[in-house]
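See below for the structure under consideration.
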Amino acid sequence: MSGYPLEPAALGLRESATFDRATIAAIQRAAETGVYDIRGGGAKRRLPHFDDLLFLGASMSRYPLEGYRERCGTDVVLGDRHASRPLHLDIPVTIAGMSFGALSAQAKEALGRGASEVGTSTTTGDGGMTPEEREQSKYLVYQYLPSRYGMNPTDLRRADAIEVVLGQGAKPGGGGMLLGQKISERVAEMRTLPVGIDQRSACRHPDWTGPDDLAIKILELREITDWEKPIYVKVGATRTYYDVKLAVAADADVVVVDGMQGGTAATQDVFIEHVGIPTLAAIPQAVQALSELGLHRRVQLIVSGGIRTGADVAKAMALGADAVAIGTAALIALGDNHPRHAAEYARLGSAAGFYDDYQDGRDPAGITTQDPQLAARLDPVDGGRRIANYLRVLTMEAQAIARACGKAHLRNLEPEDLVAVTIEAAAMARVPLAGTDWVPGQTAGGWL
Amino acid sequence: MAPLSDPATATLAAGTPAVPHPATAADGERLVTVDLATSSVRALNAELHAPRAARYEVRHPRGAHALAVGVHAPLVIDIRGHAGYYCAGMNDGATITVHGNVGTGVAENMMSGLVRVRGDASQSAGATGRGGLLVIEGSASMRCGISMKGIDIVVGGDVGPMSAFMAQAGRLVVCGDAGDGLGDSIYETRIYLRGRAGALGADCVEKPMRDEHRAELADLLRAAGIDPVGEYDPARFRRYGSARQLYHFAAHNSSAY
Ligand SMILES: Cc1cc2nc3c(=O)[nH]c(=O)nc-3n(C[C@H](O)[C@H](O)[C@H](O)COP(=O)(O)O)c2cc1C
């Protein structure tokens, strides 16, 4: 006897594709509790993604660069359209905005340390700037969100760039939430809220609506900071072509587009899975908008949502991004979902590789928590080292691909270097299906 | 509203240059006049961020946006005319008087200081303000005090709908009426209203006026330049605040969310 339990299928049982086990469990949970599921992370469903693209390495018609000898540049300048002090980053991989509140102060500090070590930027989040992250971050982007928690002009002047957040890929059209377990005294004080309440942050900015107002808001932020800082506008990917055009019309220096795979600290599962478009579908729309305005590369494009490897970085850049941002992958690099916490995940009703209860504040890895004991598990210095290592690997992987495509700088990667292995990805990314010259959806007149 | 004392104004030199030059005011304090008919908003704000004088007067504002934003010194600034959006935005310590009306978001996110509007204010007056006092002698439009976080706001006239939406801390005093949705999803801000309220917003309720509330209201009125007697006796005001029923997510609140 093999000792393996019999698979249900071997007994003639058949699982419904429509009512699969996860769906059944979700219905049962809803019926039991009467509340919807709130969780962290990004969309879990399978979506057309960077995995569906491949690079055409050089051979006869193109020639490659020598792997360990010939230079392949990685630096990027962000925000030189209007700002007197644009950011000049050594690598095009940045750390996305994640709030102090969602993350512990130690985790924020670790992200700052890691990013600074490799010469890239990190970003505050919905909850203000902590002194720890400011001190440890060489380049710190300060988010300007609808909630304006902790917003103040001193931090604005201390920032290296300002990111006006309209939305996030995980929840375009939704505000943030932070549940009571994570509203510790320090978090409450920074946000001017009572300790322990379930906090809902606003989904719309309190003092502007629409692109014409946003232009005036950006003017105000520039005036407050004497036109020194680059101003980013971050949108969740939905009507990306129009949103990017309007962000540029409002005078953004940099546009950040976050696809639906992008992580969140706490959002309704139904929102994460059903609102927004995949990162892959958003990039060509953004690039088209910028190109039509004659501003591709003048207004920089940062892409986020599901970036995991140097291949993802290279593909995003080949499609026209100037840089990328990472959230979830950075948390994993810090130790999120590590098998060494298996027993503790099990006690929380989860498992390594599945843990997404960032809203709960009981993270065994000490990252998405405000519990002092759990947070103390993460050493910011060691965490910083891991982040720096991971960022280096992403960069070297992207360089390896760029050299193979004969590019002396990551930014020289282009759509022409790519093909798609699925029709969906070919249509979304607007590159040919591998082995064909077929770009689904492309007409003689263009895309629209 | 009771007449308020005008800050002393000095005589101005005629023919203001594009880049302001300090002049000496009658009271001996250095006064700089910036005439926006010939100078730019950028030059004005740059000067206010690295001030060479303690007092400033802005002439011909002509509804320009972002006037006197990000000031972080205890300057006295008089704007002679109407201002556009975000006038006195993020003020930290200055005393700024607008002798006219203001557009959206006056004194948004103020940290400290005093902003006084002699006329009316558009939407989102004092939005997200964290400290200081905003006085609007006329009326304020929708969303006055939205998301306020510690600022005090005194409005001589009425406020529009959805005022004090998601207001977190600080006090909002309204001497006239308030539109519908007052204090919707309010946290810990206290609202004092002399006139009538429309339909109250979700989770906003009337609360009893106790001695400490009458005392704090009298102080706020006085700080705004209003004598808290007679027509403005705190006894004529009612207090509104949070019922704190939406502080925790619960299925039975689904219609309120
Ligand atoms: C724990 C966590 C907290 C986040 N907090 C914020 C935030 O405060 N503001 C924001 O704009 N985005 C926030 N995000 C989204 C990230 O900025 C970013 O858009 C997203 O993580 C990118 O996708 P990725 O996670 O697949 O890398 C958060 C994401 C995570 C995972």
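The sequence lines fix the lettering, A, B, ..., with proteins before strands; numbering per chain opens at 1.
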If one checks every heavy atom of B:M90 against chain A at 4.5 Å, the contacting part turns out to be both
For B:L246 and A:R200, the nearest pair of non-hydrogen atoms, with its separation, is O-NH2, 3.7 Å
What's the verdict on side-chain contact (heavy atoms from CB on, under 4.5 Å) for A:Q199 and B:Y247, showing C-alpha distance, side-chain angles and the deciding distance?
CA-CA 7 Å; A:Q199 167 248 292; B:Y247 277 16; over 6 Å; no
Quiz item: Would you say the side-chain atoms of B:T128 pair up with the backbone N or O of A:R148, donor to acceptor, closer than 3.5 Å?
Solution: no
Okay, A:S201 and chain B: the region with an atom under 4.5 Å from a heavy atom over there is backbone
When rounded to the nearest 0.5 Å, the distance separating CD1 of A:I224 from NE2 of B:H72 is 10.0 Å
When the 4.5 angstrom heavy-atom criterion is applied to A:P206 and chain B, the contacting part is both
With a 4.5 Å heavy-atom cut-off, do A:K217 and B:Y85 have their side chains touching?
no
Bottom line for B:V41: the part with an atom under 4.5 Å from chain A's heavy atoms is both
Ranking A:T225, A:L219, A:D213 by heavy-atom pairs under 4.5 Å to chain B gives rank one to A:D213
**Message:** Looking at A:E185, I'd like to know if its CD atom is crowded, meaning that more than 12 non-hydrogen atoms belonging to other residues, nucleotides or ligands lie closer than 6.0 Å.
**Reply:** no
To the nearest 0.5 Å, atom CZ of A:R204 lies from atom CD1 of B:I146 at 7.5 Å
Worksheet item: Got more than 12 heavy atoms from elsewhere within 6.0 Å of CZ, A:R85?
Response: no
Next item on the list: Mind running side-chain contact (heavy atoms from CB on, under 4.5 Å) on A:L193 and B:Y187 for me, showing each step along the way?
Entry: CA-CA 8 Å; A:L193 287 169; B:Y187 294 97; 3.8 Å; yes
Between A:E223 and B:N45 the two heavy atoms that sit nearest each other are OE1-ND2, 2.8 Å
Separation between CE (A:M151) and CG (B:N109), nearest 0.5 Å, reads 6.5 Å
When rounded to the nearest 0.5 Å, the distance separating CD of B:E108 from CG of A:D207 is 5.0 Å
Nearest heavy-atom approach of B:A46 to A:D226 is CA-OD1, 4.0 Å
Q: Taking B:Q168 for its side chain and A:R191 for its backbone only, find out whether a donor-acceptor pair lies under 3.5 Å.
A: yes
Between B:A66 and A:E220 the two heavy atoms that sit nearest each other are CB-CA, 3.9 Å
Separation between OG (B:S124) and NE2 (A:H205), nearest 0.5 Å, reads 12.0 Å
If one checks every heavy atom of B:Y86 against chain A at 4.5 Å, the contacting part turns out to be both
Bottom line for B:E188: the part with an atom under 4.5 Å from chain A's heavy atoms is side chain
dist A:T154:OG1 -> B:D92:CG (nearest 0.5 Å) comes out at 5.5 Å
Does B:R130 reach the main-chain N or O of A:G150 with its side chain, forming a donor-acceptor pair under 3.5 Å?
yes
